[in-house]
Amino acid sequence: MSVRVRFAPSPTGALHIGGVRTALYNYLFARKHGGTFILRIEDTDQGRYVPGAEDYIIESLQWLGLTPDEGQGFGGGPDGPYRQSDRKPMYRQYAEQLVQRGHAYYAFDTPEALEARRNAEENFTCNFRTRLSLDNSLTQPADEVQRRLDAGLPYVIRLKVEPGRDIPVHDLIRGEVVFQSDELDDKVLLKADGMPTYHLANIVDDHLMRITHVIRGEEWLPSTAHHVLLYEGFGWQDTMPKFAHLPLILKPVGNGKLSKRDGAKFGMPVFPLSWKGETPEDSFTGFRETGFLPAAALNFLALLGWHPGGDQEMFRLDELVQAFSIEHIGKSGARFDFEKAKWFNQKYIQASGNAELARLIRPYAEAKGYRTDEAYLSQAAALMKERVTFLPDFTEQGAYLFEPVRDYDFETIQKKWNPAQQPVFESLVATIEQTDDFAAPALEERVKQFIQEQHLKPGDVLPLLRLALAGTMKGPAVFDMAALLGKTETVNRLRTAIEVFNQAVVSAG
RNA sequence: GGCCCGUUCGUCUAGGGGUUAGGACGCAGGAUUUUCAUUCCUGUAACACGGGUUCGAUUCCCGUACGGGCUACCA
């Protein structure tokens, strides 16, 4: 039987990075086994629906290259629709089927009434101990129940959990976990608005979509016993999927799981894409907008809670697929280590070809009104790729490759420049101006020859050239920069610099 | 509170009854680069604690502590 897995996020806002990892693992597992990866939207809570969230999820998966074989936004298959609200009419019959079999019941208690009980009684929950004291089809005569149903009174359908038995859950990551049915509450399956809860919808859909493996977050482990009961109630235990509950992603420091607020708090993205919410507090910067390469984000995320063994750190997507196995997923929560994420991005940028980088940084160059021709961009990328971490760094840290120098490092100028050098410097500029072969090696040779002729030291000249061209002591090799900028621009900058240098020294007094 | 899950360097992790407990990030030092960065080398640092089982436990078992999750007509 072929593997079929699903990623089933809820469109309640931006897709959290933990959700992205869940999607990744599902994707890897499906690809590894030649199976099917499905995207299903779990929008059964109408109150929490957020416009745009579904598109956000789809765009995130597209950006990362985790393309589902079927699912909302990715074309259909025989199992659609893939949005649970579009499947709404089908759930009621399943809930009622459970009622008929004695595994569920109608309940008329209002949310307010239950809330009152919870306030009055410590640890109140609806279960085998309390249900006979509540208002439901187990405590009301059959004709009264029918009367209320016919009258259209609001009700929910609850799972009837029988006490006194063990419910083993076989988890692929944690082994066998046993729950006592006495501890389980009578979960709502069908809500008063006619929508199923997650519990019902997820079982019905997984069954109908012939899901073989449920790979989801650890927060679902406690309710898995209910899910097993549901499979039994429907008589689907033979095709019940296998479960794998993933460890959570924790805050970089402190206690608890990573939350959306941590992004702003620690100055790092915790979402794949930027999200514009109703308020600034509900708006977030994404990995994409920070300047991550999708492959780097994926590599980083994959290793947060999983490792195939051995010493390899860098995994392309196809290598992740090849190496992936559920058995190697860790059991304990993993802290979100942004420093490591940065390192991965840096490595992926370094490993990218110049043409590819040119394509990636073109949008940033365009936004700043810089020149965007392929040749220039790819050469600039070549000069900068060893010294950047994020995509925007190319045009920010390397702004001087695209526009006149804005900020000069006055401190170093004052240390290196002496107005008495001006005549020599001017003759250097003249020499450079007369150099025909402006390729970096030839230029370097010519300038070093000049240095020798003038009985200077490289240290007297090179830093000044760098300052004149870039304004800063950081950056690519001077002659590479000069070659890229071209003779005209280089000479212009050198001439401008003489004045800037003099002024810097004068103002330093 | 109850139920469930977890615990190897600061972090991500490998490993597994007898190992100098390995790698990576970070950090520190050095080499190269007359800048910065890259690269390379070196160093730093861990089996939560207490009981068992065993000739021998970091590894298996039980407790404790700590951490985490769940406990909605949310997912």
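Heavy-atom basis, side chains included; hydrogens, waters and symmetry copies ignored. Each chain gets a letter, A, B and so on, in the order its sequence line appears, and its residues count up from 1.
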Students often get this wrong, so: under 4.0 angstrom with heavy atoms, is A:Ala477 touching a base, only sugar-phosphate, or nothing?
base
Applied to residues 464-484 of chain A, the side-chain hydrogen bond (donor to acceptor under 3.5 Å, both in side chains) test, sequence neighbours excluded, yields none
Now, which nucleotide makes the Watson-Crick or G-U wobble pair with B:G16, with each of the two distances under 3.5 Å?
none
Between A:Phe300 (CZ) and B:G26 (C1'), how many Å, whole number?
13 Å
Write out all pairs satisfying side-chain hydrogen bond (donor to acceptor under 3.5 Å, both in side chains) with one or both partners inside residues 384-396 of chain A, taking only residues at least two apart or from two chains.
none
To the nearest Å, give me how far apart CD1 (A:Ile249) and P (B:U11) are.
16 Å
Touch class at under 4.0 angstrom, heavy-atom based, for A:Pro252 against every strand present
nothing
Quote, to the nearest angstrom, the C1' distance that separates B:C25 from B:G43.
16 Å
Just checking, any donor-acceptor pair under 3.5 angstrom between side chains of A:Tyr105 and A:Asp186?
yes
For residues 447-459 of chain A, dump all side-chain donor-acceptor pairs below 3.5 Å to protein atoms at least two apart in sequence or in another chain.
| residue | atom | partner | partner atom | Å |
| --- | --- | --- | --- | --- |
| A:Lys448 | NZ | A:Glu444 | OE2 | 2.8 |
| A:Gln449 | NE2 | A:Glu453 | OE2 | 2.9 |

When both distances are under 3.5 Å in a Watson-Crick or G-U wobble arrangement, the nucleotide paired with B:U11 is B:A24
Roughly how many Å is it from NZ in A:Lys415 to C1' in B:U35, rounded to a whole number?
12 Å
RNA chain B-proximal residues of residues 459-472 of chain A, any heavy atom under 4.0 Å:
A:Gly459, A:Leu462, A:Arg466
How many Å lie between CD on A:Glu444 and P on B:U35, as a whole number?
12 Å
From A:Arg6 CZ over to A:Asp205 CG, what is the distance, rounded to the nearest 0.5 angstrom?
9.0 Å
Without decimals, in angstroms, what is the distance between A:Arg335 CZ and B:G6 P?
19 Å
For the C1' atoms, the ones on B:U8 and on B:U59, what distance do you get once it is rounded to whole angstrom?
10 Å
The ring-ring contact (aromatic ring centres under 6.0 Å, His included) partners of A:Phe300 (sequence neighbours excluded) come to A:Phe336
Could you pull out all residues at least two apart from A:Glu115 that satisfy salt bridge (Lys or Arg N to Asp or Glu O under 4.0 Å)?
A:Arg118
Side-chain ion pair, A:Arg174 and A:Glu218, N-O less than 4.0 Å:
yes
Once hydrogens and angles are ignored, does a donor-acceptor distance under 3.5 Å link the base of B:C36 to the side chain of A:Arg387?
yes
With sequence neighbours excluded, residues passing ring-ring contact (aromatic ring centres under 6.0 Å, His included) with A:His307:
none
Check every atom of B:U35, B:C4, B:G1 against the side chain of A:Met473 and return the nucleotide holding the closest atom.
B:U35
Using a cut-off of under 3.5 Å, enumerate the N/O to N/O pairs linking the protein to nucleotides 20-24 of chain B.
| residue | atom | partner | partner atom | Å |
| --- | --- | --- | --- | --- |
| B:G23 | O4' | A:Asp311 | OD1 | 3.4 |
| B:G23 | N2 | A:Glu313 | OE2 | 3.4 |
| B:A24 | O4' | A:Glu313 | OE2 | 3.0 |
| B:A24 | N3 | A:Lys340 | NZ | 3.0 |

Roughly how far apart, to the nearest Å, are B:A21 and B:G26 at atom P?
26 Å
Reading nucleotides 62-75 of chain B from 5' to 3' and marking B where a protein heavy atom lies under 4.0 Å of the base, S where only the sugar-phosphate is that close, and - otherwise, the string is -----SSBS--BBB
Set of residues satisfying ring-ring contact (aromatic ring centres under 6.0 Å, His included) with respect to A:Phe402, sequence neighbours excluded
A:Tyr370, A:Tyr376
Atom pair distance, as rounded to whole Å: NZ in A:Lys331 and P in B:C4
18 Å
What's A:Gly217 touching, base or sugar-phosphate or nothing? Going by heavy atoms closer than 4.0 Å.
nothing
Taking atom P in both B:G18 and B:C61, compute the distance separating them and give it to the nearest angstrom.
16 Å
Among all residues two or more places apart in sequence or in another chain, which pass the ring-ring contact (aromatic ring centres under 6.0 Å, His included) test with A:Tyr82?
none
What is the distance, rounded to the nearest whole Å, between atom CD of A:Glu183 and atom C1' of B:G1?
12 Å
Heavy atoms under 4.0 Å, any strand shown: does A:Gln397 hit a base, just sugar-phosphate, or nothing?
nothing
Charged N to carboxylate O under 4.0 angstrom, A:Lys415 versus A:Glu411?
no
Using the C1' atoms only, state how far B:C9 lies from B:G15, rounded to an integer number of Å.
14 Å
Taking the nucleotide of RNA chain B with the nearest heavy atom to each, does A:Lys347 or A:Ala341 sit closer to the 5' end?
A:Ala341
Can you tell me the pairing partner of B:A57 across any strand shown, Watson-Crick or G-U wobble, with both distances under 3.5 angstrom?
none
Distance between P atoms of B:G6 and B:U13 (Å, rounded):
15 Å
Looking only at atom C1', what distance separates B:U19 and B:C41, rounded to whole Å?
25 Å
Taking OP1 and OP2 of B:U38, is either one under 4.0 Å from a side-chain nitrogen or oxygen of A:Gln346?
yes
Distance-only side-chain donor-acceptor flag, A:Asn26 / A:His213, under 3.5 Å
no
Which nucleotide, if any, forms a Watson-Crick or G-U wobble pair with B:G6, using both distances under 3.5 Å?
B:C66
A:Asp86: which residues meet the salt bridge (Lys or Arg N to Asp or Glu O under 4.0 Å) condition with it, sequence neighbours left out?
A:Arg83
Looking across every strand, which nucleic acid part, if any, lies under 4.0 Å from A:Phe179 by heavy atom: base, sugar-phosphate, or nothing?
sugar-phosphate
Any strand counts, and the cut-off is 3.5 Å on both contacts for Watson-Crick or G-U wobble. Which nucleotide pairs with B:G1?
B:U71
Nearest non-hydrogen partners of A:Arg40 and A:Pro9, listed with the distance:
O-CD, 3.3 Å
Base, sugar-phosphate, or nothing: which does A:Gly475 touch, judged by heavy atoms less than 4.0 Å apart?
base
Which nucleotide, if any, forms a Watson-Crick or G-U wobble pair with B:C36, using both distances under 3.5 Å?
none
Expressed as a whole number of Å, how far does the C1' atom of B:U38 sit from that of B:C4?
48 Å
Separation of B:C36 P from A:Met481 CE (nearest whole Å):
13 Å
